Amino acid sequence: MKVTIDGQSIDVEPGTTILNAARQIGGESVPPAMCYYSKLKGSGGKCRCCLVEVSKGSDANPTPMPKLVASCCTGVMDGMEVKSITSERVKEARKSVTEFLLINHPLDCPICDQAGECDLQNLGYNHGKEATRYEEGRRTFDRINIGDKIQLHMNRCILCYRCTYVADQLTPERSHGIIGRGDHAEISTYIEKAVDNEMSGNMIDVCPVGALTDKTFRFKSRIWFLKPFDAHRECTKCCGKTTVWMFGNEIYRVSARKDENNEVETQADGSVGWICNDCRFESKDLNKWTIEGPRKMQKWSVINQNNYTAKLDKVDIEADSRLSLGRQEDRKAISMTNVKND
Ligand code: SF4
């Protein structure tokens with residue numbers, strides 16, 4: 001089936017969604033997705049971030065779709081034409097959805113462990129409005145320990161449901177879910193019952209914001225101070241292939257390997273590279289791992305803005321004109337004129 005997104009055409013399998021067709025094209029036309037996660041069955045259709053405009057339904061019926069549609073759960077039709085980043089309606093809708101998601105989400109990026117790899121931070125940076133109209137108080141909750149290694153900070157949760165799909169699909173018995181409706185909805189472990197099965201840590205990797213965090217890593221370091229390396233070990237419970245986040249020779253954090261969509265990578269044999277809690281939480285000793293080499297971070301993100309591997313046309317720093325804006329004493333403080341070079 002042929003589909004055209006922002007003027008770029010691609011042939012895809014019948015049943016492919018518009019979002020996945022856009023991911024095959026790549027670049028700026030890929031709609032953002034906070035709730036859809038290709039490795040989790042049933043995910044998507046909740047956050048409305050991935051809205052697109054269908055300007056031509058198909059070759060058989062070219063009528064445009066009157067409303068914007070969620071690209072993660074709308075299948076392509078042969079000859080369909082879609083506008084993503086080229087549509088003013090879509091850009092305006094994404095701004096509104098971002099504003100809506102931020103109604104209850106605290107703006108605590110400076111102290112949040114997810115900062116630098118947060119999908120909502122990236123969404124706000126790309127599609128957010130500069131100001132908020134929201135004046136009411138935000139929802140607040142006490143922090144909850146989900147088992148001894150995971151902390152739930154419900155204030156930051158955007159109710160994407162991804163972690164409940166992990167609980168459903170990766171763990172033998174589901175012990176947490178969403179209770180309540182509307183603005184009373186919240187993640188609950190049903191009377192704080194610990195999630196103590198060996199794959200539960202994967203909910204940290206799928207959480208798009210900083211609501212579920214690794215207690216063995218919390219507040220240890222900002223993510224951009226660490227160096228990610230691909231590493232593997234013999235493991236009987238999972239694939240044993242991970243990314244270890246190092247500071248010097250010390251492993252600060254272990255996570256699953258993620259692809260350019262910030263989703264856990266598919267391995268060569270077609271299985272998903274979920275990792276067990278032993279690898280994630282209990283294997284911080286460097287001797288337990290074989291380091292393969294630096295992890296290639298492909299995804300565009302806030303911390304990748306100044307990435308030295310990114311190709312820049314030209315870096316222009318107008319130091320002199322900026323200096324003249326400062327106060328006299330500041331100018332003196334940063335002036336290099338009195339520094340001897342010999
Ligand atoms: Fe989504 Fe995270 Fe909230 Fe779970 S805790 S619903 S993964 S935002």
Side-chain angles (χ1 to χ4, degrees), residues 32-50 70 72-73 97-109 111-124 128 138-147 149-171 174-195 197 199-215 217-218 223 253 255-256 258 261-264 272 274-275 277 280 301:
M34 302 297 294
C35 66
Y36 175 74
Y37 203 89
S38 62
K39 314 311 182 327
L40 295 170
K41 273 187 241 122
S43 64
K46 300 178 183 68
C47 70
R48 321 310 285 176
C49 288
C50 65
C72 68
C73 45
V97 172
T98 309
E99 190 181 16
F100 182 72
L101 287 177
L102 287 170
I103 278 181
N104 276 310
H105 188 90
L107 301 179
D108 62 353
C109 305
I111 54 137
C112 176
D113 272 317
Q114 192 87 352
E117 51 181 6
C118 173
D119 289 341
L120 186 56
Q121 193 180 37
N122 293 340
L123 184 78
R138 292 177 156 86
R139 303 195 309 169
T140 52
F141 298 83
D142 290 334
R143 287 181 196 146
I144 297 172
N145 290 322
I146 298 189
K149 299 287 194 311
I150 307 172
Q151 186 163 90
L152 168 62
H153 196 176
M154 192 53 219
N155 293 1
R156 296 176 184 153
C157 175
I158 56 160
L159 291 168
C160 72
Y161 283 68
R162 283 181 184 178
C163 60
T164 63
Y165 288 117
V166 168
D168 256 350
Q169 292 166 29
L170 285 189
T171 58
R174 173 172 164 163
S175 46
H176 95 292
I178 292 182
I179 55 166
R181 287 285 177 269
D183 66 345
H184 292 287
E186 61 175 290
I187 298 288
S188 170
T189 52
Y190 300 127
I191 321 172
E192 292 175 31
K193 182 178 179 306
V195 178
N197 59 74
M199 301 302 274
S200 62
N202 288 294
M203 61 183 73
I204 298 169
D205 279 339
V206 304
C207 182
V209 294
L212 289 166
T213 46
D214 175 349
K215 281 172 73 181
F217 175 63
R218 272 174 76 81
I223 197 67
R253 180 174 80 154
S255 68
K258 294 199 182 177
N261 297 313
N262 215 13
E263 294 184 358
V264 174
V272 184
W274 305 112
I275 62 169
N277 289 358
R280 185 186 300 275
S301 80

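Just so it is clear, the structure is predicted and the values come from calculations on it, not from any experiment. Remember, it's 1-based here, ligands and their atoms both numbered in the order they're listed. Basis for what follows: all heavy atoms, side chains included, without hydrogens, waters or symmetry-related copies.
- For the atom pair OG1 of Thr98 and CD1 of Ile103, the computed distance is 11.5 Å after rounding to the nearest 0.5 Å.
- Close approach to Leu212 involves these atoms of ligand 1, each under 4.0 Å from a residue heavy atom: 5 (S).
- In this structure, Arg162 is not positioned above the aromatic face of Tyr37 in the sense of NZ or CZ being under 6.0 Å from the six-membered ring centre and within 45° of the axis.
- Short contacts between ligand 1 and Cys157, defined as distances under 4.0 Å to a heavy atom of the residue, involve ligand atoms 3 (Fe), 5 (S), 6 (S), 8 (S).
- Contact annotation for Val209 and ligand 1: only side-chain heavy atoms (C-beta onward) come within less than 4.0 Å of the ligand.
- More than 12 heavy-atom neighbours from other residues, nucleotides or ligands sit within 6.0 angstrom of CZ on Phe141.
- Leu159 is not listed as a side-chain neighbour of Lys46, based on a closest heavy-atom distance of 4.5 Å or more.
- A salt bridge links Asp108 with Arg156; the closest basic N to acidic carboxylate O contact falls under 4.0 Å.
- Nearest to atom 4 (Fe) of ligand 1 by heavy atom, out of Cys163, Cys160, Ala211, is Cys163.
- Near Cys207, the atoms of ligand 1 lying under 4.0 angstrom from a non-hydrogen atom of the residue are 2 (Fe), 7 (S), 8 (S).
- Contact between Val206 and ligand 1 is absent, with no heavy atom of the residue lying under 4.0 Å from the ligand.
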